[in-house]
Amino acid sequence: MTGAGSGIGQATVLRLLDEGAAVVGADIAADGLATTQAKAPAGAQFTALAMDVADEQQVIDGVRRAVDTLGGLDSLVNAAGMLRAAHTHQTSAAMWNQIIAVNLTGTFLVVREALPTLLDNPRSTIVNFSSTSATFAHPYMAAYAASKGGIQAFTHSLALEYASRGLRAVCVAPGSIKSGITDTTAGYIPPDADWKLFSRLLPILPTSGTGFADPAVVAGVIAMLVSQDGAFITGTEIRIDGGTHA
Ligand SMILES: NC(=O)c1ccc[n+]([C@@H]2O[C@H](COP(=O)([O-])OP(=O)(O)OC[C@H]3O[C@@H](n4cnc5c(N)ncnc54)[C@H](O)[C@@H]3O)[C@@H](O)[C@H]2O)c1
């Protein structure tokens with residue numbers, strides 16, 4: 001599980017541990033991993049792994065350590081991600097490249113390194129993180145949306161390429177989930193933003209007045225996807241956005 005130190009990734013680690021899984025949780029943030037470790041139930045099989053998914057050598061070494069720790073891999077969940085918002089005409093190449101490197105290339109690198117071990121299993125699962133921004137317009141997030149659209153396309157290709165070897169590849173597409181990303185997004189919105197554009201992003205289900213749902217609502221879907229309950233699901237996206245785009 002990447003992105004295991006915060007938000008949806010942390011909630012998913014805790015859900016999978018609760019179901020008895022052994023989990024290696026990777027993140028670039030050591031303090032985040034420490035909070036996940038502290039929240040893990042006593043006796044749970046959780047191993048924290050410091051890893052920058054955008055750094056090829058760190059991913060090669062990190063996935064090898066995860067496989068050594070677990071003795072194999074049943075599932076890979078790629079939640080590591082970042083969001084920066086800006087007008088597209090003010091987006092620097094450096095910002096564009098960083099978002100693509102972490103979200104899209106990072107997902108690719110972890111998948112590439114994990115694939116040989118996943119394919120040793122008769123059944124295995126990859127869950128990648130797209131976003132509602134991949135298919136529905138979100139303001140000031142063109143680079144992020146492009147990275148998430150890329151993840152979606154990448155995941156469809158994986159599904160076809162490896163289906164005959166028992167591997168399923170699925171995206172979740174969350175929206176309006178309380179997390180590190182959504183807690184900090186407002187700080188990146190351009191000062192001259194047209195806030196009316198954000199009215200397109202409101203859930204229709206109740207959210208206790210906050211506009212955001214607990215990350216556990218995504219964690220439960222991922223637990224289903226990596227289990228036998230998801231056995232006939234591959235090459236698709238599951239939107240978890242409180243009906244924002246219903
Ligand atoms: N929260 C939402 O509403 C929402 C909506 C759509 C998609 N997502 C996606 O969900 C995933 C999880 O994000 P979240 O919302 O829980 O936010 P979050 O900020 O709480 O979690 C993201 C985690 O990724 C880690 N990370 C960032 N860059 C990394 C790197 N280079 N290497 C390793 N780890 C790195 C961060 O340290 C953090 O722990 C992301 O892919 C995000 O794009 C979230």
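As the structure lists them, so they are numbered: ligands from 1, and atoms in each ligand from 1. Throughout, residue positions are numbered sequentially from 1 according to the sequence presented.
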Starting from [atom], locate the nearest protein heavy atom and write down its residue, its atom name and how far away it is, to 0.1 Å.
atom                    : value
atom 44 (C) of ligand 1 : Ile8 CD1, 3.8 Å
atom 37 (O) of ligand 1 : Asp27 OD1, 2.6 Å
atom 5 (C) of ligand 1  : Pro174 O, 3.2 Å
atom 13 (O) of ligand 1 : Ile181 CD1, 3.8 Å
atom 35 (C) of ligand 1 : Ile28 CG2, 3.5 Å
atom 28 (N) of ligand 1 : Val102 CG1, 3.7 Å
atom 1 (N) of ligand 1  : Ile177 O, 3.0 Å

Atom indices of ligand 1, in the order listed, that fall short of 4.0 Å to a heavy atom of [X]:
X      : value
Met51  : 32 (N), 33 (C)
Ser131 : 6 (C), 7 (C)
Thr182 : 1 (N), 2 (C), 3 (O)
Ser179 : 1 (N), 14 (P), 15 (O), 16 (O), 17 (O), 20 (O)
Gly7   : 16 (O), 20 (O)
Ala29  : 37 (O)
Lys148 : 40 (C), 41 (O), 42 (C), 43 (O)

Please tell me if the side chains of [X] and [Y] come closer than 4.5 Å, counting only heavy atoms from C-beta onward.
X      : Y      : value
Thr182 : Leu83  : no
Arg112 : Val63  : no
Leu76  : Val111 : yes
Asp194 : Tyr140 : yes
Leu118 : Tyr162 : no
Asn128 : Ile126 : yes

Looking at Gly5, Gly81, Ala79, the heavy atom closest to atom 11 (C) of ligand 1 belongs to Ala79
Taking all atoms of both residues into account, what is the closest heavy-atom pair of [X] and [Y], and its distance?
X      : Y      : value
Val221 : Ile238 : CG1-CG2, 4.1 Å
Gly5   : Thr36  : CA-OG1, 3.5 Å
Gly20  : Gln45  : O-NE2, 4.5 Å

Going by atom types only, do [X] and [Y] share a side-chain donor-acceptor pair under 3.5 Å?
X      : Y      : value
His156 : Glu161 : no
Ser130 : Glu237 : no
Gln98  : Arg84  : no

- Go through the steps to decide whether Leu201 and His138 satisfy the test side-chain contact (heavy atoms from CB on, under 4.5 Å), and finish with yes or no. CA-CA 8 Å; Leu201 306 185; His138 283 37; 3.5 Å; yes
Salt bridge present between Asp183 and Lys178 (N-O < 4.0 angstrom) | yes
For the 3.5 Å polar cut-off, considering only N or O atoms, please tell me whether [X] and ligand 1 meet it.
X      : result
Phe129 : no
Ser6   : yes
Met82  : no
Gly3   : no

Below a 4.0 angstrom heavy-atom separation, can you tell me which part of [X], side chain or backbone, both or neither, approaches ligand 1?
X      : answer
Val53  : both
Ser176 : backbone
Tyr144 : side chain
Asp52  : both
Ser130 : backbone

Open item on the list: For Ala169, is there any backbone N or O sitting under 3.5 Å from a side-chain donor or acceptor partner on Thr234?
Closed with: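 Yes, the answer is positive, given that a donor and an acceptor are paired below the 3.5 Å cut-off.
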(request) Check whether any heavy atom of Gly106 sits under 4.0 Å from an atom of ligand 1. (result) no
